[in-house]
Every structure is written in C-alpha cells, then in structure tokens.
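Notes for the one structure printed next.
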Amino acid sequence: MRAAGIPLSMEYHWGVVASDGVRAMMESALTARDRVGVQDFVLLENYTSEAAFIENLRKRFKENLIYTYIGSVLVSVNPYKDLEIYTKNHMERYRGVNFYEVSPHIYAVSDNAYRSMRTERKDQCILISGESGAGKTEASKKILQYYAVTCPASEHVQTIKDRLLQSNPVLEAFGNAKTLRNDNSSRFGKYMDIQFDFKGAPIGGHIINYLLEKSRVVHQNHGERNFHIFYQMIEGGEEDLLRRLGLERNTQQYQYLVKGNCPKVSSINDRSDWKVVRKALTVIGFNDDDVEELLNIIASVLHLGNVQYGEEEGHSHIASDTQIKYLSRLLGVNGTVLTEALTHKKIIAKGEELVSPLNLEQASSARDALSKAVYGRTFTWLVNKINASLEYKDEAHSNFSVIGLLDIYGFEVFQHNSFEQFCINYCNEKLQQLFIELTLKSEQDEYEAEGITWEPVQYFNNKIICDLVEEKFKGIISILDEECLRPGDASDFTFLEKLENTMGGHPHFVTHKLGDGKTRKVMGREEFRLLHYAGEVNYDVNGFLDKNNDLLFRNLKEAMCMSENKILTQCFDRDELSDRKRPDTAATQFKASLAKLMEILMSKEPSYVRCIKPNDSKQAGRFDEVLVRHQVKYLGLMENLRVRRAGFAYRRRYETFLQRYKSLCPETWPNWNGKLSDGVSTLVKHLGYKPEEYKLGRSKIFIRFPKTLFATEEALESRKHGLATKLQAGWKGYRQRTKYQKLRSSAIVIQAWWRGILARRKADRRRQAAYTIRRFIKGFIYRHKERCPENEYFLDYVRYALLMKLHRNLPKNVLDKSWPAPPAALAEASELLRKMCMQNMVWSYCKKMNPEWKHQMEQKMVASEIFKDKKDNYPQSVPKLFVGTRLNGEDINPKAIQALGSEKMKYAVPVTKYDRKGYKPRSRQLLLTADSAVIVEEGKLKQRIDYGSLKGISVSSLSDGLFVLHVPSEDNNQKGDVVLQSEHVIETLTKIAICADKINSININQGSIKFTAGHGKEGIIDFTPGSELLVTKAKNGHLSVTAPRLNSR
Ligand SMILES: Nc1ncnc2c1ncn2[C@@H]1O[C@H](COP(=O)(O)OP(=O)(O)O)[C@@H](O)[C@H]1O
Ligand SMILES: [Mg+2]
C-alpha cells in the first residue's frame, strides 16, 4: 500500500513532458502544497474504508484544500473563511485547462462544463447539493463569477453579465434568511439557466424559483430571522423613505420580526447590504417607481403584522386603525374594505356569497395568510421581473446553448420540522435519485462505449423513499391532498391517522403508534418519521393541512385585486376570482415543479458539486468527524466512489496516457508513429503490466488497481529528473541557438543596409565626379569660345580658382610685390585687381600714418630720390629712422647759439672737417638754419654757407661718410669748398638738401671728387673700395678714401 503523504502527482505533473513545459513546471510548483492526501478519491488505495475517506478529507481540509474529486464529481468542504483561491489569476489558471491538469477547484468544474458546452454543443447543468450551510449558494456564485470574468464579452454582454451577477444580492435579500444552520440560508430553490451564444459569450439568463418558505414571513423559530430585506430596509433605509413608509428604525417594533428574538447577526451588516441591494435593483433595471411600489409592499407586510385584534362575543375587530391607515395608503386599497376583509370571511356556496365574522384566532391567521400571500407572490413577481431583464431579446439569434445552475435548499433537520422541511427533504431525495441514475448510467455508458464488460455494484437506491412521498394515490402527498379536499372534519390528526393506516409497515415510515418502545421515547404523538436516505427526520403534522391548502379568503383576495399598487395588480389577477376550479395544493404544485426540474436536468449533461459542512457552529478550521461522516454517508459519496472503482480505478484516453508515459519505453519515446492503441499496448507491456491489471477499450486504457498506476507514476517520477534535465538542456540550447541566429541575421540585415548606403553614396560621388571632370574637360576645350553652356562652368571655375588663389596669396604689405600669375585670359583683370589691392593697401597704410611719420617718410622719399641705387651705404640707412637733430641745445656751445642770433636751428650734427691743405681731420659741428649751414668749432662760428651760395654737394658712391659742400670760389668771404665727414651721411645730406632746397644739386661720384681749396687751388679726393674705411693723405697729395663694399651690385 502506498504510504500516506507520498505525493500523488500523476494528474498534476502532467505537463512536465507536455509541450507547454514551462507553464506546467510552474503549475507543479504552485500545486506542490496541493498534493496532500489524494486529490481524487478514486486513487485512494483503501477505497472501501469510510475512515480512510474521511481522513483524506480532513487532511486536505487542514491544509485549506477544500476541494477533492471523485472522478468528475467535485467534493467541497465549507471552509467558513475566505481563501485566496478565487482571484482573477486563479480563474486564468483554470481557463481552457484539462480537468486533471490542475488541482481540484470549482473553476475546473465550471470550465469543464463550459468547454463541453462549446465543443459538443450540448446543454450542461451543474448540480450543487449538500445540506443547509454547506456552501451551495457560495459555489453557485463562484461559478457565475467565473463565467462573468472569463467568457468573451461585448457591450451588450457586459450588461447581461452585470445583471446575472446582480440578480444574486436581490434574490438573497428577499429569499434568504438567517437560520440556525446558516446565516444566509436560501429559503427558496433556484435553478438558473445561463444562455451562451455561438461565440461562447453569455447573452441571457432565466431563473426558476421553487417553493419559497413563506411561513417565515409570519413566524421564525428561536434564533432565526425573517427574510433579510425587512432588516435591511429598516436599518439602511433613508429617514425620508422610512417616514413615507410609516416605519420606525427599530426592528423590535414589528411583530413579524421579533418571533425568533434575533434582531442582529454578527456576520451580517444590514445597512451596507441595503446599499448593495438598492444598487443591484438599479442594475437589473428597476426604476424609482418600481422600487417605491416594491418597498410599499414590504412595509405593508410589517404593518399587517402589527394589526391588533380585539374580540367580543366570538367576533373579532381591529383594535386600532393606525395600521389600517398605513396599509390602505401603501397598498392603495380602501381602508373599510380591508378592515372588513381582515375580520370576516366570504365563501361562495351554491352560487351564493356567504359572509361570516371571524373569531380572534381565525382573524389572525387570515391576516397571516394575507401577509404570506402578498410576500410570496411579490417574490415570484420579482423573479419574473429579473427574468425579463435577463431575457435575450434578439429573435434572430435565438439559437443558444445553456449551462444550468441548480442551487436548491439542502437536506434540513431541525428540532421541530414542519411542512417546509418535508418539501425540502423530498426535493433532496429527488436530486439524490437523479444523481444515482446519472452517475451509474454514465459509468455504465462508458464501459459499454469502450466495449468493456460491466459488473454491477450494490448501492442504496432511494427510489423507495421517493415513491413513499410521491406515489399516486398511496404516497404521502396524495393522502395529504385527500385530507385537504375531502368534505367533513379533516384535520392534521386525521391526516396522521390516515398515514399510519396506509404506510404502516413501510421500512422508511414510523410514527409514535407504529414504533417500538425506543422510538416512542423520542417521538411525539403528533409526529411521523421518515427514514430519508440522508437520515431520520421527525415531522410535526401541525399546520400541514393549512400550509398545503395555502388558502386566502376570497374577500382578502378581492381587496388585493382592487389595489392601486402596480405590482400587486400583477400578483393578484381578477381572473383568479372568477375561476371556480380549486387551485392545486402546495405539495402537488411542488411535486409537479420538481418533476419538471428533473426533466430539465435529465436533458442536460450534468456536473456535480457535493458540498459538505465541516461543523455545525459555522467555525473555520473545525472538522467534526461525526458530522462529516454523516454527510459522506447520505450524499452517497462512498457508493459513488465504489461505483467509480468497481471496474477500473483509472481510465485515460490513449493519447493522454501515451503522452504522459511514453518516456518510459524506448519504442514510444520520443514519438510513437503508429496506432495509439498499439503504442499504449507496447508501452504497458514494456512496463510489465499483467493482463488482469488493465483493459484496452476503444479509445481508453482502463487500469484496475491504483498501485499499478502508482508504480508507473513512480517510474516516471525518477525518469522525469533525467528527462527534465535533458529537456532543459535541449530547450536552453535551442533558445540560445535561436537567439544567436536571430542576432546574427539581424546583424547581417543591418550590415547589408549600411553597406548599401555606403556603396550608393560612393557611386553618387563617382557619378558626380565623372560629370564634373567631363564638364571640366569640355569647358577646357571650349575655353576660347564665347561664353556658352559648354564652357561656362570651366570659365567660372577659372575665375573662381584665381580669386581663391588670390585670396590665399594676397601681398602682406605694400612692400610685398608678389602677385600670383593669372591665366592668360584673366591677365587684365588680374592686373586691375593687383592695382586695386595695392591702392587699397596704400590707402589703408596712409590712413594709419601720423604727422611725424609722414614727415619721416617725406624725408625718406627725398633720401631715396637722391641715393637709391647710387650710394653704397644707402640701403643700410633705410631702416634707420631720421632724427630731428643729432645735437641738442646743451651739446652746442651757447656762444655759438648766441652768435646765430635770431636764426632758428633746424638740425645739428657732429662732423669731421678735413683741412683743405694738409687734410687734417678736425672735429666740428654742422648746424643747419633756415638760410644757411654753419660750421661751428666750440663757441666760434667758423664758416657760414648761405644756401643761396651753395653750388652743389658731392659725395662718393661708396659707403664712406665724406661729402663736399661746393661754394663759389670767387666769393672771398668763403675760404673754399668744405670737406666734411658725417656718421649719418645720408641723413645729414638729406636734411641739407631739404633745408637748402638742393635736392637736384647732389652729385654722386665714382672714383674721385674735385674741389676748390681757395685761392684758385684745387684738391682731389680719390675713392677706392677696400676692406675698411681709411682716410689718409696720399703721396700724390690727394686725399685717399677707402671704403668697404656693403652691397654687391
Ligand atoms: N467557498 C467558501 N469560502 C468561504 N466561505 C464559504 C464558502 N462556502 C460557504 N462559505 C460560508 O458558508 C456560509 C454558508 O454558505 P451557503 O453557500 O450560503 O450555504 P448553502 O447555500 O449551502 O446553505 C456562507 O455564508 C459563507 O460564510
Ligand atoms: Mg443557499
């Protein structure tokens, strides 16, 4: 046997070898916790043991794993706390996934039904059963939410989805109440069709309601409440509303709300629920008037409850007319008519109307009957109104598929059980019957379809109980109806007697009278006991006849037919008054509606949700084994399991089986290409299955014992690690390869584009270049022609090139004579430009010149005119600036200055004077005035030469500083020509030339200079080039001057 706790992962690790490996691995990690116990009871080795069954439930329940399968049946244990398993993520996880791939969930059942509907186009129904408080209503809401979230939607569908969802709070407010079993117990049965179009979108809905527990309106057992809506309206209604309805905000004021002595429930917030209901009414399509009229009715029920009677001589009367005033206003009926109807009864006998007064007891029950009728009919109206809003109106697309949801009151046992419990439990018997038939039938069908021999299983068939209740003429309902209809003194007790007479000896029926001593101790004399499939229940016959008759006196009906309340006029039809036929009794109506329900359900493919209640105290985490065992028993879960296991514990379609286990056999791994059945056959032979362990059907393999499968599963488990690594490696390699290839091909694409761009650019450039060259050559050929298209480019270019060349090589200054050589065609322009350039430079040079510099330049110009290219040391003088004077006032003897008198000195320079005879050198100063040049020795003016008498000036062409001032020899005042030497000969001579205006009188001589030495004598100076400057008297009596060559010419 398999040790407890070893994870059974066969269904849930499925995807590891499936194609969608990644998701499956995630899934298996997520569900690791889920593998507590077994997730499908079918795989429970000790499947006949109830203890093992319950232990498995308990183990999972402790881990908050409330769902477990028996094959395709979902068992759900009420957690009594919010679990984080209903999020959108969870819904997504179950969407479109195989039933067995993920852990058990209500969503898996929902999704499975939805997909069957879509793929097989067959209507589905989901049957939710379990006792009161086991979680049926919650389950149905979860299913509805699942469809609302996961199904495709359009705008229209969204409204339908909203209305489907919002119908719940409304119906719960009017049809649910707090009972001892459940704080939100459904007091009516509900079957809801959700209609889907061919795209799988919900497009409409329809609700059928079953037998509302109307008695609750007027009476509640201790610890229970009336329907939620009363409390919600009083707690949550606005002041204004309550005032209009004549209500006080205190539930204790109303007789119909105090019977159970339970105004508040900790798990219920009436005030906020009121808001939810108000909003839901709007979503469903109630306008303000509808709501107002609806609430008028609800309020008038409360007022009715407070109507007080008095009695005089057996005739009742109404004690105070306060309530009547409210009632007449709220219901829109005449107060007097109502008062009369509440105190008298009217019957028609032999065509005549008989009115008789009611005593106090009769009057109160007439009042209660009215309350129940008003509330009950209003509830039905409400369901119809919701149906109208859910109705799919598009006739053109009336072809839809349906998923039905059945959430009906569960099996119920109280201390005191009445007609309502009888009906409820009868209903559960019928559903159990359906369950047995369908599950057995489907199991049988499957074996048949697969061609496998089927061995019947023993199970308790509750048909016998169903018959006991509903059989024609002999059943309890028939007898009850008979008692209700027969004339004479029929009462609840004559009914009991009749039952005893008819049913006596039936194995499932006992009364106090029929029972043994032990039974008598626990049974009242007014009770009968039914041994339901789910347990024994004692029913108190008190009230059975009344409730079955469900009568309302004619005058009350008439009063209601006259109502101005629009809802009531729909509820109380005038035709009813003229209809002489007695309406069917409540039990018969109920029986008929159940028969219809069975028909509806049989026509659909069922899924089951079996709800279990873990404890009676609505507590989270408490698992009451006794209570659970009881439910497991009566829900027939063990039988269900046995039937499922009778033949084969496990079955799977060939492809599924092969896909999962193919890795365990070399022939089937990695792919089997032959027939699926052959593949499976090969695989199981390789695994060593013995012939009795399995059977091969037409499309499925059936495995008899779980241990066979466990062995296979364990083999897979160990193989899986190796396989997973291999798959991973393969996968990673594949991923990397594809990634690399993608990168590579991207790179190539980019490269190709870039290369293309580069090549295009290059080609463009070449084309451009070729064109330019061609144009150039053509232009060159045509260059001498007139300007024409062929040569204009070339000509322009030549001009442009010259201008650019000039631009780069312009002369830097006025002395720079360089000028780029122009092409022949542009010689003239070039010359013009050169001149302009030069002018421009000169002009800007002149602009920058100051007066002193101008003066300097003028002198330099004179010097240039005289000496340029004529005297050897001229070039050296050019860069040296001429000064104003070489001697200042303090350098000259004041006597000499005095002797000059008023004559202003313009220039003075130290000179060497050579004697005319012996050529002795003597140091003298030469002063220039406006009129004359004066030679000065100390304070004496030695010689004055007026410029007027200066005949000329001679100077050599060499680099020496000698010069001769020629004066007229006949002038006696003069001692003859003067031979002088100046360090600054160029400057000195220029000054003299300017002062004396003798620019043209300077002779530059080669070789020698003759001069007069006074008294008719003549002297000669010879100049020769030499290595250094030497002035001597030569042997021939001449003055000999040698001067170095400074500039080679
Ligand atoms: N799946 C669930 N998760 C949490 N609480 C639940 C769940 N099912 C039921 N319950 C609790 O149990 C209470 C009774 O459930 P409900 O569906 O009304 O029972 P039923 O319809 O079978 O009588 C709910 O009000 C809720 O508090
Ligand atoms: Mg319910």
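Remember, it's 1-based here, ligands and their atoms both numbered in the order they're listed.
In terms of N/O distances under 3.5 Å, ligand 1 is approached by Y86.
Counting backbone and side-chain atoms alike, S186 contributes an N/O/S atom closer than 2.8 Å to the Mg ion (ligand 2). Coordination check, N176 versus the Mg ion (ligand 2): failed, since every N/O/S atom of the residue sits at 2.8 Å or beyond.
Counting only non-hydrogen atoms, the option in C611, S186, S129, G133 that gets closest to atom 23 (O) of ligand 1 is G133. Considering each of S76, G130, P79, S185, the one bringing a non-hydrogen atom nearest atom 2 (C) of ligand 1 is P79. Within the set T137, I408, N182, the minimum heavy-atom distance to atom 21 (O) of ligand 1 is found for T137.
Among protein heavy atoms, atom 4 (C) of ligand 1 sits closest to K81 O, 3.0 Å. Annotation: atom 7 (C) of ligand 1 to nearest protein heavy atom, N78 OD1, 3.6 Å. Of the protein's non-hydrogen atoms, E138 OE2, 4.0 Å is the one closest to atom 25 (O) of ligand 1. The single protein non-hydrogen atom nearest to atom 27 (O) of ligand 1 is Y80 CD2, 4.6 Å, given as residue, atom name and distance. The shortest contact between atom 15 (O) of ligand 1 and any protein heavy atom is with G135 CA, 3.7 Å.
Note that K142 lies in the cation-pi zone of Y86, set by a 6.0 Å cut-off to the ring centre and a 45° limit from the axis.
With a 4.0 Å cut-off on non-hydrogen atoms, K618 does not touch ligand 1 at all. Under 4.0 angstrom from ligand 1, the non-hydrogen atoms of E131 all belong to its backbone.
Relative ring orientation between Y107 and Y146 is described as parallel, the plane-to-plane angle staying below 30° on a 0-90° scale split at 30° and 60°. Taking the six-membered ring for Trp and thresholds of 30 and 60 degrees, F61 and F623 have ring planes inclined between 30 and 60 degrees apart.
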* Asked: Between E131 and K136, does a salt bridge (Lys or Arg N to Asp or Glu O under 4.0 Å) hold up when you go through it step by step?
  -> CA-CA 8 Å; E131 70 181 61; K136 299 181 296 296; over 6 Å; no
* Worked check of salt bridge (Lys or Arg N to Asp or Glu O under 4.0 Å) between E172 and K190 -> CA-CA 11 Å; E172 286 192 7; K190 180 172 126 186; over 6 Å; no
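Near N184, meaning under 4.0 Å from any of its heavy atoms, are these atoms of ligand 1: 18 (O). Distances below 4.0 Å separate heavy atoms of S132 from the following atoms of ligand 1: 23 (O).
Taking 4.0 Å as the cut-off between side-chain N and carboxylate O, E420 and K547 count as a salt-bridged pair. A salt bridge between R216 and E224 is present, with a side-chain N of the basic residue lying under 4.0 Å from a carboxylate O of the acidic one. The pair K372-D550 does not count as a salt bridge, with every side-chain nitrogen at least 4.0 angstrom from each carboxylate oxygen.
Judged by distance alone, with hydrogens and angles left aside, the side-chain atoms of Q631 form a donor-acceptor pair with the main-chain N or O of K613 at under 3.5 Å.
Scanning both residues, Q619 and N615, for their nearest heavy atoms gives O-ND2, 2.7 Å.
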